[in-house]
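In this chain, residues are counted from 1 in sequence order.
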Amino acid sequence: MPKKIQTDSGINILPIYQEKDMGPRPENSGEFPYTRGIYADMYRSKMWTMRQYAGFSTAAESNKRYHYLLGQGVTGLSVAFDLPTQIGYDSDHPLAEGEVGKVGVSIDSIVDIEELFAGIPLEKISTSMTINATGFILLAFYVALAKKQGADLKKISGTVQNDILKEYAARGTYIYPPRPSMRIITDIFEWCSIELPKWNSISISGYHIREAGSTAVQEIAFTLSNGKAYVKAALEKGLDINVFGKRLSFFFNAHNNLFEEVAKFRAARRMWARIMRDLGATEPQSMMLRFHAQTGGSTLTAQQPMNNISRVTIQALSAVLGGTQSLHTNGYDEALGLPTESAAGIALRTQQIMGFESGVADTADPLGGSYFVEGLTSSVEQAAWDLIRKVDDLGGSVTAIEEGFIQGEIAKSAYQHQRDVETGERIIVGVNAFQSPEKDSTPVFRVDDSIRKIQMEKLARIRTKRDHAKCDQLLQLLNDKASSGENIMPVVVEAVEAKCTLGEIADTLREVFGEY
């Protein structure tokens, strides 16, 4: 009997697809439920935003990389933060030792943000910040700098990831328990809808769910379930779904199975439109799933790293064929360390060649109408709905995470994938097949441990020169507002302007909410 061929999610692939296998014929692009894209002409009128995720060492060093990337043609910045910044510790905290500036840039205060964006007018550039538990503080830093630059906050555009549920499920950089964390997120929704109308107040992230080992189907099922939880929390706060719904965005992974990835993106759009309609949205823009994609970090191999250029190209192609609004392409050397400037340049050129030479941007949804792609889109959608129903039966994402259901499902898929690699059932070129005896000589970019000393000296100077009485007053006010249920964002902005540090603000809320 012939062996079954399946996608990474276990969907059986037929030897040939016919019209009867398509499922329902999709609408035109720009029409509900947006299977074929959220805009009628897609990239014909505006190319996707070409971003390169970057951040390392000090703010000054990262600023140099940003100016290099802007000079090479990126159209949006994407900031990576180090682990102490992500979990609310200043660089001089004992738990920050050995991690300062390592997997992203170190940000302790508004002084660092000023250095990070020196010479970059925030009103003219779109910035994405991959930050969750401390997302509200980084957003406050950004807004404080924009005000200092004299920018019109109504014109500031960008995204703060701000998706804490996937941290509990897949990644681990959380601080507070789930329910207080959800409250902070809805405070950001409310505040941004008034103060930053062009800012995406959340990027609901499937990327890290996939990096933790999920399948494509699990990625969109759990991500859309998390999205439902955020929307319901905002509705309970009394917010208007037709207002905050327009500023929700998503962040998906792009892996190697080209057709399943395209089907995944198309299915996610269709599903989200229906979810939002069922939750009460009536305006088209509040039902559109807008997403950023990043190529799969977990797919990159340390063996034969130049092969990763091919992997990244296939993955980026899936995101573009699937209708992404924004894209980051990984450097080929990222399985070894932070990307070198050369590797980041090649990754960006991959996007530019795709956008300006390949023809894939010439028409909306180029694979639409393919018997295979339409059939696979419907299969992915059905499998994802089945999983969402299981989450709903448990009471939604927050409860499903608290009970360990989502984490357990991801862990099972990650185990199966690794088992398939080790048995040879799944071929990874250069790893368990087509190996090469040559020793690799790819240069590796590393960050020096001396960065922590630089940051600690900077913190000492800040604390010497600032108005201590004012800082104490603002931190107490933050404690009061967090305890009373008032929106904390206005006082957080005041606190960072007064040079309160990230760690001090995070610790103030630790006193109120506790740690998870």
Side-chain angles (χ1 to χ4, degrees), residues 7-9 33-38 42 48-53 76 78 128-130 132 159-163 165-167 169-171 200 202-228 230 248-273 275-276 288-300 311-312 314-330 351 354 365 367 373 376-377 380-381 383-385 387-388 397 406 410 413:
T7 70
D8 294 343
S9 299
Y34 312 109
T35 310
R36 303 197 66 190
I38 58 174
M42 287 303 289
W48 66 88
T49 301
M50 297 183 185
R51 298 187 188 275
Q52 284 306 116
Y53 185 49
S78 188
S128 172
M129 296 190 284
T130 304
N132 298 285
T159 304
V160 62
Q161 190 165 99
N162 194 31
D163 175 5
L165 291 178
K166 68 96 173 53
E167 294 296 327
R171 192 163 174 268
N200 298 324
I202 193 168
S203 177
I204 305 160
S205 176
Y207 185 85
H208 302 99
I209 291 171
R210 193 68 178 278
E211 289 293 283
S214 83
T215 65
V217 164
Q218 289 172 331
E219 179 188 354
I220 60 168
F222 296 146
T223 304
L224 298 185
S225 288
N226 289 349
K228 284 174 67 176
Y230 293 127
L248 304 178
S249 65
F250 287 79
F251 175 24
F252 289 123
N253 213 311
H255 270 223
N256 288 329
N257 192 317
L258 178 73
F259 292 107
E260 184 176 40
E261 294 300 295
V262 173
K264 176 189 78 178
F265 298 131
R266 298 171 90 247
R269 259 195 307 273
R270 189 154 76 196
M271 295 170 73
W272 185 247
I275 287 169
M276 288 296 278
M288 293 178 181
L289 184 150
R290 295 169 299 116
F291 74 97
H292 169 73
Q294 180 175 338
T295 56
S298 62
T299 69
L300 303 179
R311 292 186 177 100
V312 167
I314 291 167
Q315 294 163 9
L317 181 61
S318 78
V320 172
L321 292 173
T324 191
Q325 277 61 67
S326 171
L327 179 61
H328 163 82
T329 32
N330 289 331
Q351 290 200 54
M354 195 171 295
D365 191 29
L367 297 182
V373 170
L376 192 52
T377 299
V380 168
E381 179 184 8
W385 281 129
L387 258 182
I388 287 174
S397 278
I406 291 177
I410 295 169
S413 294

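Side chain to side chain, Ser318 and Glu261 fail the donor-acceptor criterion of an N or O pair below 3.5 Å. Side-chain contact of Thr7 with Asn257: a donor-acceptor pair under 3.5 Å is absent, judged by distance alone. A donor-acceptor contact under 3.5 angstrom links the side chains of Glu211 and Ser298, judged on distance only.
Formation of a donor-acceptor pair under 3.5 Å by the Glu167 side chain with backbone atoms of Asn132 is not found in this model. Remark: side-chain polar atoms of Thr324 are not paired, donor with acceptor, to backbone N or O of Val320 under 3.5 angstrom. In terms of modelled atom types and a separation under 3.5 Å, the side chain of Asp163 and the main chain of Ser205 share a donor-acceptor contact. Between the His328 side chain and the Tyr53 main chain, a donor and an acceptor come within less than 3.5 Å of each other. Checking side-chain atoms of Gln52 against main-chain N and O of Thr329 turns up a donor-acceptor pair under 3.5 Å. Side-chain N or O atoms of Lys228 include none that pairs as donor or acceptor with a backbone N or O of Ser397 at under 3.5 Å.
Partners of Thr159 under the side-chain contact (heavy atoms from CB on, under 4.5 Å) rule, at least two apart in sequence or in another chain, are Ser128, Asn200, Ser203, Ser249.
From Ser214, atom OG reaches atom CD1 of Ile220 across 10.0 Å, with rounding to the nearest 0.5 Å. In this structure, CG in Leu224 is found 11.5 Å from CE in Met276, a value given to the nearest 0.5 Å. To the nearest 0.5 Å, atoms CZ (Phe251) and OG1 (Thr130) are separated by 5.5 Å. Taking CZ of Arg51 as the start and CG of Leu327 as the end, the distance is 10.5 Å to the nearest 0.5 Å.
Residues Ala216 and Glu260 come closest through the heavy atom pair CB-CD, 3.8 Å. Nearest heavy-atom pair, Asn330 versus Thr295, reported as atom, atom and distance to 0.1 Å: ND2-O, 2.7 Å. When every heavy atom of Ser9 is checked against every heavy atom of Thr215, the shortest pair comes out as OG-CB, 3.5 Å. Of all non-hydrogen atoms in Ala212 and Ile410, the two that sit nearest each other are O-CG2, 3.7 Å. Leu387 approaches Ala221 most closely through the heavy-atom pair CB-CB, 3.7 Å. When all heavy atoms of Leu258 and Ile314 are compared, the pair lying nearest together is CD1-O, 3.7 Å.
Ring geometry, Phe250 versus Trp272: the interplanar angle exceeds 60°, so the pair is classed perpendicular (tilted spans 30 to 60°). Classification of the Phe252-Phe265 ring pair by plane angle, with boundaries at 30° and 60°, yields tilted.
In this structure, Ile406 and Leu165 have side chains that are not in contact, with every pair of non-hydrogen atoms separated by 4.5 Å or more. Residues Arg269 and Arg290 fail the side-chain proximity criterion, which asks for heavy atoms closer than 4.5 Å. At a threshold of 4.5 Å between non-hydrogen side-chain atoms, the residues Asn256 and Gln315 count as touching. At a threshold of 4.5 Å between non-hydrogen side-chain atoms, the residues Ile204 and Tyr230 count as touching. Side-chain contact between Arg270 and Tyr34 is absent, with no heavy atoms from C-beta onward closer than 4.5 Å. Contact of the His208 side chain with the Gln161 side chain is registered, since non-hydrogen atoms from C-beta on lie closer than 4.5 Å.
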Stepwise side-chain contact (heavy atoms from CB on, under 4.5 Å) check, Phe259 with Leu367: CA-CA 9 Å; Phe259 292 107; Leu367 297 182; 4.2 Å; yes

From CA spacing to verdict: side-chain hydrogen bond (donor to acceptor under 3.5 Å, both in side chains), Thr377, Arg266: CA-CA 7 Å; Thr377 299; Arg266 298 171 90 247; 2.9 Å; yes

Verdict with reasoning, Gln351 to Trp48, per side-chain contact (heavy atoms from CB on, under 4.5 Å): CA-CA 10 Å; Gln351 290 200 54; Trp48 66 88; 2.8 Å; yes

Residue pair Lys166, Thr223: steps toward the side-chain contact (heavy atoms from CB on, under 4.5 Å) verdict: CA-CA 8 Å; Lys166 68 96 173 53; Thr223 304; over 6 Å; no

Worked check of side-chain contact (heavy atoms from CB on, under 4.5 Å) between Val312 and Leu300: CA-CA 8 Å; Val312 167; Leu300 303 179; 4.1 Å; yes

